[in-house]
Amino acid sequence: MATLFCAEFDARFFRRQLEDKLRNAAAAADAGYPENEGLVIGPETGIPSLKAFRADGQRPSAKRLEQEIKARMPERSLMGIVARTAYWVEWWRGFGPPSSNEPKLTDPLGRYVIVTFVKGTNMGPYEAARHIPGVSGHELSYVANKHFSIVLLNEAISDLVNAHARLDISQAWGDGTAVAADGTHMDTYLDNLLSETSVRYGKPGGIAYHHVSDTYIALFTHFIPCGVWEAVYIIEGLLKNTSEVKPTTVHADTQGQSFPVFALAHLLGFDLMPRKRPQVHDYRRAVAAELKGSTELLGHCAPSSSEIL
């Protein structure tokens, strides 16, 4: 069965499929140009350009809704929010010693909430102990080092994302099919393996690379060096996402442009939509180059589908 499938759907068929998709997209763009008020092609230069999008002013009903929400929503402290979500969602249940035994803590819920707050705000355990009565810096440091891990933290994040996706209000922002990927510079110590001096920010640190869903919640976060091309981590973040929210469209800035990533995105079944660089004038030529590079890459890497299987 696999041999028959590979004989019909080989690399050449895959390339023709992408070329047909490009032609159809170009034809649809040409047909819709007269009604597209945001796209303008210079009559003399032939260079397409997009008009600046201007949002409509906020309607009076939206302002009244905002005021009503603020009046009914009580102000919460960050510690209170962490404690409430821990009580409702029980995302802390996965934390514990590496032996998987029950944590020998008098109040594991309270201790894990405090440690999560301390580490999440980038506050040191001994500095936090000066402001939080009833705990010592040694206790907070011990729990953070022995009961927490990257794997357990990602599982807790998945629990929170799944609980958030079940809320009715989360559907007001989106349906979870789209995600935005972008990085934020974070200060770090110089003796960190991931720390580099950023040319853009002019100081050492790393990049916290986030995948934020259209339901207004972060799905996954990487911490990467400053000098890497961020497109490499777009796919990795989606593959490591273990929550029930499965996006199919990824929006990124100009760092999301990459021939291999375009090819792998199509193979994995999601649409990669980065922001185009300003110097790219001919949109047809740019898209054609991207698809040509992707299909040529796949042709070299996978001359036959049977080799992949």
Side-chain angles (χ1 to χ4, degrees), residues 70 72-167 169-170 183-195 203-213 216-225 237 240-245:
K70 289 182 177 180
R72 298 189 182 190
M73 181 181 296
E75 184 175 349
R76 306 286 188 187
S77 66
L78 182 56
M79 178 73 82
I81 294 174
V82 175
R84 285 173 178 269
T85 56
Y87 178 78
W88 290 332
V89 183
E90 296 186 337
W91 48 259
W92 59 275
R93 290 290 185 183
F95 297 148
S99 61
S100 300
N101 294 329
E102 290 294 327
K104 295 180 174 59
L105 301 174
T106 305
D107 181 19
L109 169 61
R111 187 59 50 86
Y112 291 153
V113 166
I114 294 176
V115 172
T116 302
F117 171 81
V118 171
K119 305 301 284 188
T121 55
N122 205 23
M123 187 187 305
Y126 290 91
E127 179 67 21
R130 295 172 54 189
H131 305 281
I132 302 176
V135 295
S136 66
H138 173 73
E139 292 173 338
L140 296 178
S141 178
Y142 177 84
V143 172
N145 293 329
K146 299 297 184 180
H147 290 214
F148 282 60
S149 68
I150 298 298
V151 175
L152 297 179
L153 285 172
N154 287 333
E155 291 177 357
I157 291 174
S158 296
D159 292 339
L160 283 172
V161 172
N162 294 337
H164 181 269
R166 290 190 288 268
L167 297 176
I169 193 172
S170 68
T184 302
H185 182 270
M186 302 290 290
D187 295 332
T188 61
Y189 292 107
L190 289 175
D191 57 349
N192 189 301
L193 292 177
L194 289 176
S195 179
K203 55 184 179 180
I207 300 296
Y209 197 63
H210 308 286
H211 287 70
V212 182
S213 171
Y216 207 69
I217 190 171
L219 299 181
F220 197 82
T221 298
H222 271 93
F223 196 74
I224 61 179
K240 290 186 176 181
N241 171 39
T242 58
S243 68
E244 299 172 358
V245 180

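For the atom pair OH (Tyr216) and CD1 (Ile169), the distance works out to 11.5 Å, reported to the nearest 0.5 Å. Between the NZ atom in Lys240 and the NE2 atom in His222 there is a gap of 4.0 Å [rounded to 0.5 Å]. In this structure, Met186 CE and Ile207 CD1 are separated by 10.0 Å, a value rounded to the nearest 0.5 Å. Note: Ile114 CD1 to Met79 CE = 5.5 Å, rounded to the nearest 0.5 Å.
Thr221 and His210 are linked by a side-chain donor-acceptor pair at a separation below 3.5 angstrom, with hydrogens and angles left out of the test.
Smallest separation of non-hydrogen atoms from Thr121 and Val118: OG1-O, 3.2 Å. When all heavy atoms are compared, the tightest approach of Gly137 to Ala129 is N-CB, 3.4 Å. Closest heavy-atom contact between Asp187 and Pro204: OD1-O, 4.0 Å. Heavy-atom minimum distance, Val161 versus Ala218: CG2-O, 3.6 Å. Shortest non-hydrogen contact noted between Leu152 and Gly94 is CD2-O, 3.4 Å.
The closest donor-acceptor contact from the side chain of Ser77 to the backbone of Gly80 lies under 3.5 Å. Remark: the backbone N or O of Ser136 is paired with a side-chain donor or acceptor of Glu139 at under 3.5 angstrom. Of the possible donor and acceptor atoms, one in the side chain of Asn162 sits under 3.5 Å from a partner among the backbone N and O of Glu244. The backbone N or O of Val245 lies less than 3.5 Å from a partner atom in the side chain of Asn241, making a donor-acceptor pair. Distance alone, capped at 3.5 Å, places no donor-acceptor pair between the Trp92 side chain and the Leu109 backbone. Using a distance-only test at 3.5 Å, with no hydrogens or angles considered, a donor-acceptor pair links the side chain of Ser158 to the main chain of Asn154.
Taking 4.5 Å as the limit, every side-chain heavy atom of His211 sits out of range of all side-chain heavy atoms of Ser213. Put simply, the side chain of Thr85 reaches to within 4.5 Å of the side chain of Trp91, judged on heavy atoms. Side-chain atoms of Glu155 and Thr242, non-hydrogen and from C-beta on, never get closer than 4.5 Å to each other. Contact of the Ile217 side chain with the Val212 side chain is not registered, since no non-hydrogen atoms from C-beta on lie closer than 4.5 Å. Looking at Ser170 and His164, their side chains come closer than 4.5 Å, going by heavy atoms from C-beta outward.
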Applying ring-ring contact (aromatic ring centres under 6.0 Å, His included) to Phe95 and Phe148, what does each step give before you reach the verdict? CA-CA 6 Å; Phe95 297 148; Phe148 282 60; 4.2 Å; yes
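Among residue pairs with one or both ends in residues 107-118, those qualifying as side chain to side chain donor-acceptor pair (under 3.5 Å) are Tyr112-His147; sequence neighbours excluded.
Atom CG of Leu78 has more than 12 neighbouring heavy atoms from other residues, nucleotides or ligands inside a 6.0 Å radius.
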